[in-house]
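See below for the structure under consideration.
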2 protein chains.
Amino acid sequence: MTDTRRRRVPRPVREQQIIDAAIRVFAKRGYHAASVEEIAELAGVSKPMVYLYLDSKEGLFLACLRRETERLVTALRAAAGPAHGPELRLRAGLLAFFTFVAEHRDSWVVLHRQAAELSPAIAAELARTRRAVVTEVSGLVRADDAADAAPACPDDEADFVTYTLVGAADSLTDWMTLHPEEPPERITLRLMNMVWVGMRNVLDGEVWTTPGREP
Amino acid sequence: MTDTRRRRVPRPVREQQIIDAAIRVFAKRGYHAASVEEIAELAGVSKPMVYLYLDSKEGLFLACLRRETERLVTALRAAAGPAHGPELRLRAGLLAFFTFVAEHRDSWVVLHRQAAELSPAIAAELARTRRAVVTEVSGLVRADDAADAAPACPDDEADFVTYTLVGAADSLTDWMTLHPEEPPERITLRLMNMVWVGMRNVLDGEVWTTPGREP
DNA sequence: ACGTAAACTTACCCGCCAGTAACGTTACGG
DNA sequence: CCGTAACGTTACTGGCGGGTAAGTTTACGT
């Protein structure tokens with residue numbers, strides 16, 4: 001790619017190459033098992049360069065986290081913004097999500113699948129970025145009420161729905177890899193189909209007790 | 001607990017104590033960041049004992065995995081078995097799951113949140129245990145059709161629903177920790193409320209195209 | 001052209017931790 | 001009451017990997 005003859009590359013470009021490499025390695029090995037050496041090699045550079053540009057392994061991970069969160073949030077906003085009506089809005093958001101994951105599997109792994117094993121500083125940042133994604137989805141969920149007059153649904157209920165959606169979508173990410181032929185559109189469609197009706201019930205606080213057998 | 005005066009403890013008991021300690025530490029630190037030293041100390045024993053009884057760090061992790069998978073699957077089967085009808089059956093399964101997680105947070109973390117960062121042998125075993133859980137849930141989902149005459153739903157659709165449910169439930173696990181006062185029963189209720197209706201649509205292959213705005 | 005800063009390297013240090021060797025100690029069976 | 005096997009320990013090694021000091025090369029500005 002680009003000019004193969006020139007080895008020397010300006011800093012901003014190298015930084016991105018290093019982050020690219022880091023995301024792949026972090027996704028494959030996990031934070032602790034990933035070695036800076038391997039990342040450097042994949043980026044076509046030696047280890048001290050990584051430390052010069054990104055300070056530390058932790059700093060490198062944070063850089064990955066920030067860049068990819070930015071990308072995902074941007075994609076979500078871009079998709080949901082122009083949609084008319086709550087239903088199409090949510091659909092657009094989900095579609096944007098599945099499309100993002102389909103195109104950047106590694107990013108999603110780094111962003112979302114690193115629950116344990118990290119230093120306080122990283123854990124804090126990770127919590128923040130997850131919160132950002134949840135907030136974005138939460139916005140989609142709450143879009144209903146904005147249309148209605150009543151601010152009917154309490155935050156807890158909206159939160160519940162959001163967690164359910166994010167978890168379901170995350171898990172379907174695995175399903176996608178088992179069905180590579182399925183386009184994000186169909187997955188989105190099925191998920192909408194599955195949750196759209198029930199969402200309303202929960203958001204309106206309609207928690208009935210278990211029905212007694214057959215109606 | 002038990003007899004505090006006796007220090008010497010028979011092997012089967014120690015093994016369980018070590019596994020108990022390992023689950024807590026693995027959950028807190030993640031596989032790589034966890035040190036065998038810390039696990040041994042928490043189990044009230046010195047490091048070589050761990051290697052004597054469980055062979056290696058990998059063997060120790062596998063032992064944790066197997067024991068807790070066993071427990072979860074047992075809980076699911078015990079709950080879903082005696083329930084009458086598909087709806088109550090699924091409800092019972094979900095309730096059993098949330099109850100299990102509420103009582104064994106660490107177990108669930110070890111079982112489910114260790115995607116990356118493990119050796120091939122562990123990864124294989126982890127895949128097997130996840131498969132076991134998914135199969136169990138899949139049974140709950142498919143329970144519908146068993147009642148009906150037609151084996152109507154193709155495996156893909158049932159799989160899709162299963163992944164959605166497992167993912168949603170997993171994510172709600174986090175929601176639980178933010179709302180410690182919510183009993184598993186209410187969480188189960190809300191989730192049922194949210195997905196039960198839509199499940200039918202997807203299982204029956206009713207994937208409509210996006211509705212054009214307002215009906 | 002040539003000096004200088006930015007890009008890059010080699011070669012090292014050092015702490016941490018999985019895994020082990022060799023050696024004490026308690027209980028329980030005969 | 002004593003032997004022996006099960007229970008347990010202290011004290012090491014070996015290597016991997018994060019982090020760095022010191023030096024080398026290339027491009028770009030003037």
Side-chain angles (χ1 to χ4, degrees), chain A residues 1-22 24-26 28-64 114 116-122, chain B residues 2-22 24-26 28-65 114 116-122:
Chain A
M1 299 289 165
T2 67
D3 191 341
T4 38
R5 299 227 300 180
R6 175 190 276 174
R7 274 135 162 241
R8 227 78 161 193
V9 157
R11 173 164 182 162
V13 177
R14 263 296 186 243
E15 280 180 351
Q16 296 308 309
Q17 293 176 347
I18 293 172
I19 293 176
D20 287 340
R24 286 177 56 184
V25 176
F26 280 137
K28 183 151 87 176
R29 311 251 190 238
Y31 179 75
H32 275 284
S35 81
V36 177
E37 185 79 44
E38 184 179 356
I39 292 169
E41 194 176 351
L42 188 63
V45 107
S46 67
K47 202 168 42 157
M49 291 301 296
V50 177
Y51 285 92
L52 182 63
Y53 288 166
L54 281 311
D55 286 335
S56 64
K57 189 181 184 179
E58 189 172 305
L60 174 57
F61 189 77
L62 288 175
C64 296
Q114 303 277 348
E117 74 158 323
L118 9 82
S119 66
I122 294 184
Chain B
T2 68
D3 191 342
T4 38
R5 298 228 298 183
R6 174 188 278 173
R7 265 128 171 245
R8 229 81 161 195
V9 158
R11 173 164 180 163
V13 177
R14 264 289 188 250
E15 280 180 350
Q16 296 308 309
Q17 292 177 349
I18 293 173
I19 292 176
D20 288 339
R24 287 177 55 183
V25 176
F26 280 137
K28 185 152 86 174
R29 311 252 190 241
Y31 179 75
H32 275 283
S35 81
V36 176
E37 185 78 43
E38 185 179 355
I39 292 169
E41 194 177 351
L42 188 64
V45 106
S46 68
K47 200 169 42 157
M49 292 301 296
V50 177
Y51 285 92
L52 182 62
Y53 288 167
L54 281 312
D55 286 335
S56 64
K57 189 180 186 181
E58 189 173 303
L60 174 57
F61 188 77
L62 288 176
C64 297
L65 221 52
Q114 303 277 349
E117 75 158 323
L118 11 80
S119 66
I122 295 185

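Below, chain A is the first sequence line, B the second, and so on; all start at residue 1. Keep in mind that the numbers below use all heavy atoms, side chains included, and drop hydrogens, waters and symmetry copies.
- Distance B:Met49 CE to D:dT10 P: 13 Å, rounded to the nearest Å.
- Between the P atom of D:dG18 and the CD1 atom of A:Ile39 lies a distance of 8 Å, rounded to the nearest Å.
- Within the 4.0 angstrom heavy-atom criterion, only backbone atoms of the sugar-phosphate kind lie near A:Ala34; the bases stay farther away.
- When side chains are defined from C-beta on, A:Leu54 does not count as touching A:Phe61, because their heavy atoms never get closer than 4.5 Å.
- When distances are taken from the side chain of A:Ser46 to each of C:dT9, C:dG24, D:dT9, the shortest belongs to C:dT9.
- Among the nucleotides C:dA7, D:dG18, D:dC7, the one closest to any side-chain atom of B:Arg8 is D:dC7.
- When rounded to the nearest whole Å, the span between CZ of A:Arg11 and P of D:dC28 equals 17 Å.
- Nucleotide D:dT10 holds its P atom 11 Å from the CD atom of B:Glu41, rounded to whole Å.
- Residues B:Tyr31 and B:Lys57 are in side-chain contact: their nearest non-hydrogen atoms beyond the backbone lie under 4.5 Å apart.
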Worked check of side-chain contact (heavy atoms from CB on, under 4.5 Å) between A:Ile39 and A:Phe26: CA-CA 9 Å; A:Ile39 292 169; A:Phe26 280 137; 4.1 Å; yes
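- The base of C:dG19 lies outside donor-acceptor range of the side chain of B:Lys57, with no N or O pair under 3.5 Å.
- Heavy atoms from other residues, nucleotides or ligands lying under 6.0 Å from CD of B:Gln16 number more than 12.
- Distance CD (A:Glu37) to P (C:dT9): 11 Å, rounded to an integer number of Å.
- Between B:Arg14 and D:dA6 there is no side-chain polar atom (N or O) within less than 4.0 angstrom of OP1 or OP2.
- By the 6.0 Å contact criterion, CZ on A:Arg24 is open, its count of non-hydrogen atoms from other residues, nucleotides or ligands being 12 or less.
- The NE2 atom of A:His32 sits 13 Å away from the C1' atom of C:dC17 (whole-angstrom rounding).
- Of the candidates C:dG19, C:dA27, C:dA7, C:dG19 carries the atom nearest the B:Ser56 side chain, counting heavy atoms from C-beta on.
- Between the OH atom of B:Tyr51 and the P atom of C:dA21 there is a distance of 13 Å, rounded to whole Å.
- Each of A:Leu52 and A:Lys47 was matched to the nucleotide of DNA chain C holding its nearest heavy atom; the match closer to the 5' end belongs to A:Leu52.
- Atom OH in A:Tyr53 sits about 13 Å away from atom C1' in C:dT9, given to the nearest Å.
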